[in-house]
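Atom set for the values below is all heavy atoms of this structure, side chains included, hydrogens, waters and symmetry mates excluded. Residues: numbered from 1 along the sequence shown. In each ligand, atom 1 is the first atom listed, and ligand 1 is the first ligand listed.
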Amino acid sequence: MIINDIDQAVTTLASGRLCAIPTETVYGLAANALDESAVLRVFMAKDRPKDHPLIVHVATVQDAGNWIAELPQWAIDLTAAVWPGPLTIVGTRTALASDLVTGGQGTVAVRVPSHPIAQELLSKLKIQGVQGLVAPSANRFGHVSPTSAAHVFADLGEYLSANGDLILDGGDCQVGLESTIVLATGPEPVILRPGAITLADVERITGVAVAAISTDAPRVSGSLESHYSPIAKVVLIETGSTIEFGTTAGFLALAQIPTPAGLVRLGSPATIADFAHELYGCLRAGDDLYLETIYVVPPVGQGLAQAINDRLQRAAF
Ligand code: AMP
Ligand code: MG
């Protein structure tokens with residue numbers, strides 16, 4: 001059920017079954033993007049509403065051209081600089097992208113992941129005629145995204161085992177937050193979901209000012225007001241704030257911030273990057289301890305801190 005053999009994952013995916021796969025952002029529940037019944041099963045396994053479009057994962061920048069019809073020059077520059085990496089581009093779709101994948105929209109979301117296992121998998125699948133994988137986060141819809149094979153198993157193990165699907169173990173995900181999503185249908189970039197590729201990165205690479213950060217755009221699943229939620233209630237607090245709490249509360253903050261008396265420390269990330277890397281594992285650990293509440297001091301700042309705050313606000317909603 002949890003495997004380490006990439007070739008076994010290739011065979012499974014090429015034969016129309018599902019396989020959860022590691023990427024540098026989070027684990028994705030992958031299926032052949034051109035196999036309608038396999039893609040349908042991804043929605044079923046996650047209990048994901050069908051109007052939430054999926055991201056197509058491909059091996060190379062050139063392969064992305066099979067799915068996206070045209071891109072403005074700034075987006076070509078951006079993909080050339082960042083791919084493979086934690087960036088998703090939403091562009092005008094080609095005929096390859098089905099309504100099921102795009103949610104019936106005229107645009108399609110595409111990403112070239114950098115994780116070496118994902119890269120090897122996609123290259124080998126291409127040889128077998130599989131031109132892309134859909135791979136939404138491998139968790140139940142609305143729950144915390146998985147950053148390890150064990151997280152995937154906790155959410156979807158029962159469903160996957162019962163259906164002959166697999167989980168490919170590639171260790172912990174390096175970034176730990178979902179990809180930055182950039183809409184590339186106009187003269188300026190629009191950020192639909194903040195991530196490890198920051199607004200400053202986009203502007204520096206493209207030389208074009210970002211038109212908007214539009215995280216409330218409909219149909220971006222990560223854009224629902226409540227998402228990424230553990231069972232425990234997530235409460236965001238400031239450093240040094242006095243809080244009333246029971247005996248079953250957890251605490252997550254940067255390492256230099258001391259633990260308020262009585263709270264169970266769930267993590268002590270030394271840097272903002274560590275915070276992103278550890279965040280989802282800490283939220284899941286709180287549930288494993290049956291904590292009622294998890295208090296979090298969000299990191300302050302732009303860039304990756306902004307992406308962490310985006311996820312924390314939805315987890316706390
Ligand atoms: P997930 O794979 O669950 O992290 O989510 C993929 C995200 O990409 C979803 O939030 C989608 O809504 C977003 N996405 C995919 N296709 C499109 C599209 N055509 N337009 C806007 N957002 C999209
Ligand atoms: Mg998700």
**Study point:** Per-atom contacts, ligand 1 versus Thr107 - under 4.0 Å to a heavy atom
**Key:** 18 (C), 19 (N), 20 (N)
**Study point:** Polar side-chain atom of Arg284 near backbone of Pro230 as donor-acceptor pair, under 3.5 Å
**Key:** no
Check your understanding: So, does Arg93 sit close enough to ligand 1 that a heavy atom of it is under 4.0 Å from the ligand?
Key -> no
Review point. For ligand 1, which atoms have a heavy atom of Val90 less than 4.0 angstrom away?
Key: 18 (C), 19 (N), 20 (N)
Point to revise | Atom indices of ligand 1, in the order listed, that fall short of 4.0 Å to a heavy atom of Ile181 | key: 7 (C), 8 (O), 13 (C)
Point to revise | Close approach of Leu54 to ligand 1, heavy atoms, under 4.0 angstrom | key: yes
Exercise for review: Can you see which heavy atom on Pro299 is nearest to which on Leu312, and at what distance?
Suggested key: CD-CD1, 4.5 Å
Point to revise | Least distance between heavy atoms, Val300 atom then Ile272 atom | key: O-CD1, 4.1 Å
Practice item. Say whether Glu178, considering both its backbone and side-chain N or O atoms, lies within less than 3.5 Å of an N or O atom on ligand 1. Key: no
Check your understanding: Any idea which heavy atoms bring Leu263 and Ala249 closest together, and the distance?
Key -> CD2-CB, 3.5 Å
Review point. Side chain, backbone, both or neither: which part of Arg48 has a heavy atom under 4.0 Å from ligand 1?
Key: side chain
Exercise for review: Return a yes/no value for His52: is any of its N or O atoms, backbone included, closer than 3.5 angstrom to an N or O of ligand 1?
Suggested key: no
Check your understanding: Nearest heavy atom to atom 11 (C) of ligand 1: which of Pro53, Pro136, Gly28, Ala109 does it belong to?
Key -> Pro53
Check your understanding: the Mg ion (ligand 2) to Ser137: any N/O/S contact under 2.8 Å?
Key -> yes
Point to revise | Over-ring placement of Arg311 relative to Tyr228, 6.0 Å and 45° cut-offs | key: yes
Review point. Any donor and acceptor pair, going by atom type alone, linking the side chain of Arg265 with main-chain N or O of Phe251 inside 3.5 Å?
Key: no
Exercise for review: I would like to know whether Tyr159 and Arg41 meet side chain to side chain contact (heavy atoms under 4.5 Å, CB included); could you show each step before the answer?
Suggested key: CA-CA 10 Å; Tyr159 178 93; Arg41 286 193 50 238; 3.2 Å; yes
